[in-house]
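Here's the structure we're looking at; comments come further down.
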Amino acid sequence: MQITSLFKEVLETDEMILDDFKIAPYTIDWRKRYQTSCRCVLRPKSVQSLQKIMRIAYENHIAVTPQGGNTSMCGASIPSVENSVIVILDRISKVRSLNILDKTVTVEAGMVLANVQSFVREAGFYFPLSLASEGSCQIGGNIACNAGGLNVLRYGTMRDLVLGLEVVLPNGDLISHLSSLHKNTTGLDTKQLWIGSEGTLGIITAATLKIYAQANEKITLLVACEEINQVLSLLEKFQFEYMHELTSFEYMSLPVFELSQNYSGISFGLSGQHFVLCELSLDNEQGFNKDLLLEQLLSLGLSNTIIASSDKESQKMWQVRENISEAQKNTLGVSIKHDIAVPISSLQSFIENTELKIKSEFPDAIILLFGHLGDGSLHYNISLARDHSNEVYQYEEKLNQLVYTEVIKCSGTIAAEHGIGQLKKKWLSWVRTEQEIQIMQLLKKNIDPRNIMNPGKVLPD
Ligand code: FAD
Ligand code: 2HG
Ligand code: ZN
């Protein structure tokens, strides 16, 4: 029987998208780096429907790619084998419960991140995961990628925010362990297997997440620096003076700052080579000492600073930061992306050495360096002045090699927050040992013996 007919037998008509024109947006990724095909897009209206889908897929060896908001930067959300089906979760997207005493919210996986944030905010609390794609990415996708974003410094990545999970396994069985416990030392923490698994071990349907008190006051400031070591001194100083109150420490190099300011139609009139966007979230009610903050900056020779004087000004600062990916895509076309992290103590040498290596082989390289410097992760994106088209991909392998060689010299990683997907599969062995990869393969074989869950992603073939 045809693949689509098998699903038609158990699903309602509105749970299947069959029209090629309507399927098209699901088969191309956000970057337009990967384009593929699929048999159909399935849109289960309940967890039970999803279980039926997985039973059929399992019995008939049909490859399934779960897709959330399709904002993956490494081709994880797009099928990479023929005859796949895509499963989307936008109809499994309710809030299941809010537990104020436990400080948790339980939401379904298809809920858009921004909706989770606003639900929690309206209840008087705070959910800290925040990324530029929050208007379209979904909690399930965030968990499957172990998303990081702008507040990792204080709250950690998705791994730190999930207390319980509900998952449909490749054979259709359901594991439901939506625990609200902040402590549970009963053997291995198996939920962590699905966090960061990029859809290769099953489909996440719900999660219990930590929520926090809202800050009493937030201070946003933009600091211009001439030298990268000033940026690092600023981080050191703020971590010492403000500790947990420092929630974001985002870095933008001059080309990135200019590109995004122009794209956003905003100018802060700051001059420098390096820019830092910081957020301090104050929990006490004593009010904020702006003079002290300025003094601290001056002690580092940093006088070129703007402290946001209104919510509007703070939003503008964040707009410039959050528009970077769009600005890059729409202005410079193709960029070769690297989502790396190195120990903060090695950042300066990594930045200096990598630029030297890249420029010596690609003198026309436009290096777009920005990211979550406070937690050691940076986006090292490269465009070439000679060409903005897909032709640039012919240099991807060489550029990856140059960047990743420097990353490895610093004991860093090639995927700090976007994952491996199909893009970085061949580089996995650069950062994980043979034994670690074997353990991952063993787990995959056991949980997904028919290799139907998002095949062709993360692990070597
Ligand atoms: P998708 O892209 O749809 O899927 C990603 C992976 O998760 C795929 O492997 C997919 O199969 C799997 N998946 C999706 N849903 C499920 C599910 N329910 N169960 C099992 N597997 C599932 N990432 C960061 O970490 N930090 C950032 O700051 C950041 N900023 C971004 C900014 C922009 C403009 C864009 C486009 C992306 C950004 N990303 C960032 C990358 C991206 O990883 C996140 O946007 C997000 O976590 C992906 O969620 P999604 O719902 O779009 O997942
Ligand atoms: C960010 O930090 C995202 O804005 C996107 O992780 C990074 O576009 C990129 O390379
Ligand atoms: Zn990022």
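Positions are given from 1, in the same order as the sequence printed here. Whatever order the structure lists ligands and atoms in, that order sets their numbers, starting from 1.
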Could you tell me, atom by atom, which parts of ligand 1 come under 4.0 Å of a heavy atom of [X]?
X	value
S77	1 (P), 2 (O), 3 (O), 4 (O), 8 (C)
A147	25 (O), 47 (O)
A132	32 (C)
S72	2 (O)
H372	28 (O)
Q138	50 (P), 51 (O)
I203	19 (N), 20 (C)

If you have a sec, work out which protein heavy atom is nearest [atom] and how many Å separate them, to one decimal?
atom	answer
atom 9 (O) of ligand 1	E198 O, 2.9 Å
atom 49 (O) of ligand 1	C137 CB, 3.4 Å
atom 19 (N) of ligand 1	I204 N, 2.9 Å
atom 7 (O) of ligand 1	A144 CB, 3.3 Å
atom 48 (C) of ligand 1	T71 OG1, 3.2 Å
atom 38 (C) of ligand 1	S133 OG, 3.6 Å
atom 53 (O) of ligand 1	G141 CA, 3.5 Å
atom 25 (O) of ligand 1	G148 N, 2.8 Å

Heavy-atom distance under 4.5 Å between the side chains of I143 and R159, does that happen here? no
A side-chain contact here means heavy atoms from C-beta on lying under 4.5 Å apart; do L332 and L259 qualify? yes
Tell me whether the count of non-hydrogen atoms from other residues, nucleotides or ligands lying under 6.0 Å of CG in D14 goes above 12.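 More than 12 within 6.0 Å, yes.
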E391 CD: over 12 foreign heavy atoms closer than 6.0 Å: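 No, CD of E391 has 12 or fewer neighbouring heavy atoms, counting only those of other groups under 6.0 Å.
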Below 4.0 angstrom, N of the basic side chain to O of the carboxylate: do [X] and [Y] qualify?
X	Y	value
D311	K218	no
E397	K426	yes
R33	D29	no
D20	K22	no

Assess the residue pair E313 and K316 against the criterion (salt bridge (Lys or Arg N to Asp or Glu O under 4.0 Å)); give the C-alpha distance rounded to whole Å, side-chain angles, the decisive distance to 0.1 Å, and a yes or no. CA-CA 5 Å; E313 197 172 16; K316 273 187 169 180; over 6 Å; no
Please check whether [X] reaches ligand 1 - meaning an N/O of the residue sits under 3.5 Å from an N/O of the ligand, judged on distance alone.
X	value
E417	yes
G69	yes
A109	no

Is the distance between the ring centroids of [X] and [Y] under 6.0 Å?
X	Y	result
Y126	Y155	yes
Y251	H274	yes
Y395	F362	yes

Please classify the [X] to ligand 1 contact at 4.0 Å (heavy-atom distances, strictly less than): side chain, backbone, both or neither.
X	result
K457	neither
N454	side chain
M73	side chain
C145	side chain
L89	side chain

Can you tell which of P66, G199, G135 gets a heavy atom nearest to atom 10 (C) of ligand 1?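 Looking at heavy atoms only, P66 sits closest to atom 10 (C) of ligand 1.
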Counting only heavy atoms, tell me which of N70, L129, L50, N142 gets closest to atom 46 (C) of ligand 1.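 It is N142 whose heavy atom sits nearest to atom 46 (C) of ligand 1.
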W430 and V407: CA distance, side-chain angles, deciding distance, side-chain contact (heavy atoms from CB on, under 4.5 Å) verdict: CA-CA 10 Å; W430 280 40; V407 166; over 6 Å; no
Check the side chains of S180 and N99 for a donor-acceptor pair under 3.5 angstrom, ignoring hydrogens and angles.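 No donor-acceptor contact under 3.5 Å links the two side chains.
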Ignoring hydrogens and angles, state whether a donor on the side chain of Q328 or S335 is under 3.5 Å from an acceptor on the partner side chain. yes
Take the angle between the ring planes of F275 and F257 and call it parallel below 30°, perpendicular above 60°, tilted in between.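 F275 and F257: parallel rings.
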With under 30° as parallel and over 60° as perpendicular, where do the rings of H418 and H379 fit, or are they tilted in between?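 Parallel, since the angle between the ring planes stays under 30°.
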Any G202 heavy atom less than 4.0 Å from ligand 1: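 G202 counts as a contact of ligand 1 under the 4.0 Å cut-off.
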For Q67, is the nearest heavy atom under 4.0 Å from an atom of ligand 1? yes
Please check this pair: side chain of R31 against backbone of M73, looking for a donor-acceptor N/O pair closer than 3.5 Å.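 Checking the backbone N and O of M73 against the side chain of R31, a donor-acceptor pair under 3.5 Å is found.
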For distances below 2.8 Å, what is the count of protein N, O or S atoms around the Zn ion (ligand 3)? 3
Applying side-chain contact (heavy atoms from CB on, under 4.5 Å), run through F249 and D375 and close with a yes or a no. CA-CA 8 Å; F249 192 95; D375 63 41; over 6 Å; no
Please step through salt bridge (Lys or Arg N to Asp or Glu O under 4.0 Å) for the pair K457 and E198, ending with a clear verdict. CA-CA 8 Å; K457 310 290 159 47; E198 301 184 39; over 6 Å; no
Before giving the answer on side-chain contact (heavy atoms from CB on, under 4.5 Å), spell out for K398 and E361 the whole-Å C-alpha distance, their side-chain angles and the decisive distance to 0.1 Å. CA-CA 9 Å; K398 181 73 204 162; E361 302 234 9; 3.3 Å; yes
Neighbour list for ligand 2 [protein residues, heavy atom under 4.0 Å]: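 For ligand 2, the residues that come within the 4.0 Å heavy-atom cutoff are M73, R321, S325, K337, F370, H372, H379, N381, E417, H418.
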CA sep, side-chain torsions, deciding dist, call: Y263, V320, side-chain contact (heavy atoms from CB on, under 4.5 Å): CA-CA 8 Å; Y263 182 78; V320 169; over 6 Å; no
